[in-house]
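Reading through the structure tokens given below for one structure.
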Amino acid sequence: MINIGVYPLEQVIGQMTNPAVSYLVINDGSGHAIYPAASGTEDAVKAEDGQQLTHLLSPRLGWSFDSGIRAGQLFEWVSVISYVWIAIGLAVVILAVVYIIYVTRRNYRPIQLMMQRIQQLPDRPGEENNKDELWMIDHALQSLIRQTVDYEQQEHANILIRRRQLFLDLMEGTATETVEFRLNNLSPFADGGKGEVFPVYAVMVVELHDLDLPQTEDEESAGSGRSEDHGDADQRLSLSLLGVIQELAATYGWQGWAEWMSRERISILLRKEEGDGEGLLGVKLQEMAQTGCEWLHGHLGVQLTIGIGGQTHELEHIQDSYRAAVSALRYRLTLGVRDIVTSDQVPQANEIPLYSYLPLISETIRSFRLANHDWRIQLEGLFGAMETDRLKDGDILTIVRWLQELLEREMREMKDVSGALDRYFNGSEGQRWKAEVESASSLAMMHTLMLEHMTTVYRTYVAASETKSYRAMVSEMKQYIEEHYTNPDLSLNHLSERFDVSPKYASHLFKTEFDMKFVDFLTRLRMNHAQQMLCNTTETVQHIATQVGYANSITFGRVFKRVVGVTPGDYRKLRLKPEDSVAGGAL
């Protein structure tokens with residue numbers, strides 16, 4: 001027996017259904033209506049009022065559930081709309097297929113022509129022929145793009161090579177008949193080298209010092225050993241220098257065209273459309289060069305010298321400006337200029353044969369070898385002659401090298417003192433001296449460096465010459481010490497009085513000859529004799545101490561243990577021999 005409250009059931013079902021749209025009828029197993037209970041009322045929903053959609057039967061309860069749409073026309077309209085949308089979707093699909101077929105047939109003709117042309121190309125070895133059309137088109141496009149990029153790179157490199165060759169022709173004055181045409185064609189300047197105003201040209205030559213620059217192809221093939229990373233850094237530095245120089249020229253109203261002429265030299269062709277007068281132009285060029293020197297030294301740490309040539313309006317005279325700038329760099333030492341040398345500072349050509357300086361060099365070295373103080377005056381005269389004659393930097397360096405080589409040869413011939421002077425000409429100290437002299441900024445600085453070094457060598461040479469018989473003196477001292485080592489008062493002062501030398505000099509002789517101090521030499525001699533007496537005699541330690549020059553056994557024992565490693569008593573007990581001591585390497 002199951003009791004069911006019909007009202008709560010109606011409340012629950014009422015919340016789940018909308019009587020205006022749908023209905024639900026629940027009958028028990030006998031066919032009596034459970035919901036709606038008030039079947040006779042006007043709110044009762046009957047199956048005949050709508051279209052039944054579902055019919056469910058509960059096996060346990062025996063109840064039947066019938067539901068459906070109360071408004072049958074709404075269902076019909078919904079069904080019709082769904083059919084319409086299905087029809088529209090099918091129509092869109094059909095139209096899309098038709099359009100794709102149309103577009104494909106319309107565009108396939110160009111693709112077919114393209115494929116025919118691609119197929120006419122000769123096959124490359126290693127390529128497969130069973131690829132589809134799209135793959136072949138993509139491969140052909142990639143190959144075309146790659147060839148285009150390669151061609152552009154080659155064309156760019158070709159332009160750079162042609163520009164460099166044109167630059168060299170301008171500097172050397174060759175192929176002047178085609179220079180103007182090539183200049184307009186290659187456009188190395190910002191405006192292509194064309195202008196309505198008659199241009200002014202000038203050449204600067206920049207020489208860099210103490211800079212590790214990229215090697216040439218010949219040097220690389222010879223095996224320079226430079227790493228790839230280091231080469232890239234040098235290449236970046238080279239490009240940076242060129243860029244800075246060109247931007248600096250633009251700041252002062254010039255158009256700059258810079259090229260490397262060698263590993264340590266850059267040439268710059270400057271072009272200006274509006275002339276300000278040759279004198280004012282020269283001043284502006286010097287200001288620009290000075291600014292460039294200060295900027296490069298401050299930001300990149302680059303030391304350089306700039307030679308400035310004269311101004312010209314003709315392309316064929318650019319070579320004269322270049323030669324004047326190069327010539328200006330050759331007189332940097334004579335003029336005493338470190339940063340900037342202009343062509344108007346260059347002295348008139350005065351070719352003096354270098355062999356005329358050989359007598360001055362020989363006389364200077366001769367006085368030096370004879371320890372004559374006049375060598376300083378002669379050295380000053382040599383440098384004064386080079387300054388008066390306005391020699392080129394290369395000629396000055398040649399003369400100075402002759403002087404260095406002759407001095408080194410003369411010192412080597414002095415066999416008795418060559419050991420003391422060898423360090424001034426060989427090894428790191430000799431190389432440092434030569435490098436300092438060759439990198440001097442002026443002739444006066446070079447003279448100062450040469451005088452300082454030669455003075456140092458002269459002092460050592462004179463001191464060694466005055467003591468060239470020191471070995472005989474050291475031998476006499478050694479013999480005297482061996483005969484008088486038992487004297488407790490034997491000391492450096494004693495030796496200085498005996499041989500009429502200073503104690504400091506006597507100590508220096510011992511250090512030079514025996515590579516030890518006098519005290520160490522005397523102590524070792526006394527300990528050797530003490531070991532012999534301890535090993536071969538039965539004398540007391542006190543007696544042995546007095547025999548080897550010590551006033552008491554306490555001092556002797558302390559020194560003996562420090563040198564030998566054991567006390568005198570232990571040495572005798574252990575029956576050691578001199579070669580078996582701790583100092584000798586075994587116990």
Side-chain angles (χ1 to χ4, degrees), residues 414-423 426-429 460 463-587:
M414 306 298 293
K415 297 182 179 179
D416 293 337
V417 296
S418 61
L421 297 174
D422 185 66
R423 63 189 181 91
N426 298 322
S428 59
E429 189 168 353
T460 306
S465 298
E466 292 176 352
T467 59
K468 59 183 179 180
S469 59
Y470 73 96
R471 288 189 178 88
M473 184 182 297
V474 171
S475 179
E476 294 178 7
M477 287 184 179
K478 179 175 180 294
Q479 183 178 358
Y480 181 83
I481 294 171
E482 290 176 348
E483 293 175 356
H484 299 84
Y485 72 92
T486 59
N487 183 5
D489 297 328
L490 186 61
S491 62
L492 282 176
N493 292 329
H494 184 85
L495 289 178
S496 65
E497 295 176 359
R498 174 68 177 77
F499 292 94
D500 195 20
V501 295
S502 65
K504 185 176 180 180
Y505 183 66
S507 177
H508 171 71
L509 293 180
F510 267 89
K511 184 66 176 177
T512 303
E513 184 68 19
F514 301 110
D515 196 21
M516 67 176 64
K517 297 179 180 179
F518 163 76
V519 175
D520 296 335
F521 179 83
L522 179 60
T523 301
R524 180 174 297 182
L525 179 63
R526 288 174 172 175
M527 293 302 104
N528 287 339
H529 284 280
Q531 290 181 72
Q532 294 291 339
M533 296 179 69
L534 288 171
C535 183
N536 299 323
T537 68
T538 58
E539 298 289 343
T540 63
V541 175
Q542 176 65 35
H543 179 74
I544 293 175
T546 58
Q547 290 296 316
V548 296
Y550 289 93
N552 55 75
S553 59
I554 297 176
T555 304
F556 168 71
R558 184 170 60 252
V559 175
F560 189 91
K561 183 175 182 181
R562 176 174 58 83
V563 175
V564 180
V566 296
T567 62
D570 293 338
Y571 185 88
R572 173 173 283 175
K573 291 178 182 179
L574 294 173
R575 299 180 181 275
L576 296 176
K577 295 181 180 180
E579 61 271 14
D580 295 335
S581 63
V582 173
L587 178 58

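- Taking the side chain as every heavy atom from C-beta outward, Q531 and V548 never approach each other to under 4.5 Å.
- In this structure, OG1 in T538 is found 8.5 Å from CD1 in I544, a value given to the nearest 0.5 Å.
- The shortest heavy-atom contact between F521 and K478 is CZ-CG, 3.9 Å.
- A 6.0 Å sphere centred on CD of E483 holds more than 12 heavy atoms belonging to other residues, nucleotides or ligands.
- Distance alone, capped at 3.5 Å, is enough to place a donor-acceptor pair between the S496 side chain and the N493 backbone.
- Using cut-offs of 30° and 60° on the angle between ring planes, the pair Y485 and H529 is parallel.
- Looking at D489 and H494, their side chains never come closer than 4.5 Å, going by heavy atoms from C-beta outward.
- Note that the CZ atom of F560 and the CG atom of D570 stand 9.5 Å from one another [nearest 0.5 Å].
- Smallest separation of non-hydrogen atoms from R572 and L534: NE-O, 3.4 Å.
- Atom-to-atom distance recorded for K517:NZ and T523:OG1 is 11.5 Å, nearest 0.5 angstrom.
- For the pair V541 and T567, the minimum side-chain heavy-atom distance is 4.5 Å or more.
- Rounding to the nearest 0.5 angstrom, the gap separating the CG atom in L522 from the CG atom in L490 is 5.5 Å.
- With values rounded to the nearest 0.5 angstrom, E476 atom CD is found 8.0 Å from R498 atom CZ.
- Under the 3.5 Å distance criterion, the side-chain polar atoms of R524 are left unmatched by any main-chain donor or acceptor of V563.
- The two atoms that bring S553 and A545 nearest to each other are CA-CB, 4.0 Å, heavy atoms only.
- When side chains are defined from C-beta on, E539 does not count as touching Q547, because their heavy atoms never get closer than 4.5 Å.
- Here the side chains of F556 and R526 are not in contact, with every heavy-atom distance at 4.5 Å or above.
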